[in-house]
There are 2 protein chains.
Amino acid sequence: MFTIAQAARRAGCPASTIRYYERVRLLPSARRGTNDYRYYEVADIERLAFVNRARQLGFSIDAVADLLRLADHPHSPCDGVDTLIATQLHSVEKRIRQLQTLAARLRQLQSACDGEHPIRECGILAALSDTRWNEA
Amino acid sequence: MFTIAQAARRAGCPASTIRYYERVRLLPSARRGTNDYRYYEVADIERLAFVNRARQLGFSIDAVADLLRLADHPHSPCDGVDTLIATQLHSVEKRIRQLQTLAARLRQLQSACDGEHPIRECGILAALSDTRWNEA
DNA sequence: TCTTGACTTTGAAGTTACTTCAAGGTTGAT
DNA sequence: ATCAACCTTGAAGTAACTTCAAAGTCAAGA
């Protein structure tokens, strides 16, 4: 049996996050001691660690809840899991593409200024003020 | 003079966003008519468009406020502008690297399952449950 | 035993950048 | 006159937490 801080250390997240997951019902209510402290067993901590790993992969709380539900039904087919992973991968890839476009624009802006002149002559602000910007 | 919806259309953002920017003081309070409607001139709309372009580049509201302040001082050197752009570019690049790591992990997970078996045998959930995960 | 510091509890509010909603007033065209 | 489409405000909702305040608990050392 572990206190919330011990569980947090083992699972690799703050105690406040564990309380939060309980509050939003991502995790079941923890067993309580007579002092009203939450106590966790190894199995609880493993589930929590599973949640943290999925969150680190960028899954939303709702998606993690789906994953947990799927993991709790060992006999059903795993298409659902595959779909969740694929969906997440697609959204990550899309976000990467957006950010790459962004980075390219920022680099372009950067090349419009050598830092050695007053703002009045700054190509960056000129570009940002240019109404033709949105065409680019 | 334009109403808020007209200004919004010209600047390319919802009217609610303009009100929001005013509320958080990113933009000055708009001039009001006797009907209490907000009215905008071309210069106001240009400033709003500038804000929208910077936001589209991923600058936070605070950073946009900095950009506006800098743009309002045409005689000071433009190092500050350069720094803001560089900082933003670095954070975008960092985020891209994080997401690429994420995508690689998701692809790795994907390869652990061919979708043709029950969850009990699913390599994805096995990997997510594996305590050695965090080493990877 | 007392104290001290580190833990625990709760509910509420703060974070970011908006969007949505409710309830009501204004405008312009028919 | 009436109708749609606009405008106003303040408040609440969104995601996923984090931080805070106020108060109770516990373990160890003097």
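In what follows, chains carry the letters A, B, and so on, assigned in the order in which the sequence lines appear, proteins first and then strands, with residues in each chain numbered from 1.
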Interatomic distance, [X] [atom1] vs [N] [atom2] [rounded to whole Å]:
X     : N      : atom1 : atom2 : result
A:R23 : D:dT18 : CZ    : C1'   : 10 Å
A:L26 : D:dC17 : CG    : P     : 9 Å
A:Q6  : D:dA27 : CD    : C1'   : 12 Å
B:L48 : C:dC18 : CG    : P     : 11 Å
B:D36 : C:dT27 : CG    : P     : 11 Å
A:R31 : C:dT8  : CZ    : C1'   : 18 Å
B:E22 : D:dT8  : CD    : P     : 9 Å
B:I4  : C:dT26 : CD1   : C1'   : 15 Å

For this session: Give A:R19 one of three labels, base, sugar-phosphate or nothing, depending on what nucleic acid heavy atoms sit under 4.0 Å from its own.
Result: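 The residue A:R19 makes base contact.
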For this session: Give one of base, sugar-phosphate or nothing for A:S16, where a contact means two heavy atoms less than 4.0 Å apart.
Result: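 If one applies the 4.0 Å heavy-atom cut-off, A:S16 turns out to touch a base.
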Problem set entry | Spacing of A:L67 atom CG and A:F50 atom CZ [to the nearest 0.5 Å] |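 Interatomic distance, A:L67 CG to A:F50 CZ, rounded to 0.5 Å: 5.0 Å.
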Closest to the [X] side chain: [options]?
X     : options                : result
B:Y20 : C:dC18, C:dC7, D:dT18  : C:dC18
A:R55 : C:dT8, D:dA16, C:dA17  : D:dA16
B:A5  : C:dA17, C:dT19, D:dC7  : D:dC7
A:R38 : C:dA17, C:dT10, D:dC17 : C:dT10
B:R32 : D:dT8, D:dC7, D:dT18   : D:dT8

Exercise. Does B:Y39 or B:F59 map to a spot on DNA chain C nearer the 5' end, using the closest nucleotide for each?
Worked result: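 So the residue in question is B:F59.
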Exercise. Do A:R9 and A:Q6 have side-chain atoms, one donor and one acceptor, less than 3.5 Å apart?
Worked result: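 Their side chains do not contain a donor-acceptor pair, so the 3.5 Å distance test is not met.
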Exercise. What pair of heavy atoms forms the shortest contact from B:L48 to B:A7, and how long is it?
Worked result: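 Closest approach of B:L48 to B:A7: CD2-O, 4.4 Å.
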Exercise. Between B:L125 and A:A71, which heavy-atom pair has the shortest distance, and what is it?
Worked result: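 B:L125 and A:A71 have their closest heavy atoms at CD1-CA, 3.8 Å.
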Exercise. For B:Y37 and A:N35, take the nucleotide of DNA chain D holding the closest heavy atom to each; which residue's nucleotide lies nearer the 5' end?
Worked result: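 Comparing both residues, the 5'-ward one is B:Y37.
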Exercise. Is the shortest side-chain N/O distance from A:T17 to OP1 or OP2 of D:dA16 below 4.0 Å?
Worked result: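 Checking D:dA16 against A:T17, no side-chain N or O comes under 4.0 Å of OP1 or OP2.
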Problem set entry | Presence of A:T3 side-chain N/O under 4.0 Å of C:dT8 phosphate oxygens OP1/OP2 |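 Looking at the OP1 and OP2 atoms of C:dT8, one of them is under 4.0 Å from a side-chain N or O of A:T3.
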Problem set entry | Side-chain donor or acceptor of B:R53 paired with backbone N/O of A:L128 under 3.5 Å |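 Yes: the side chain of B:R53 pairs with the backbone of A:L128.
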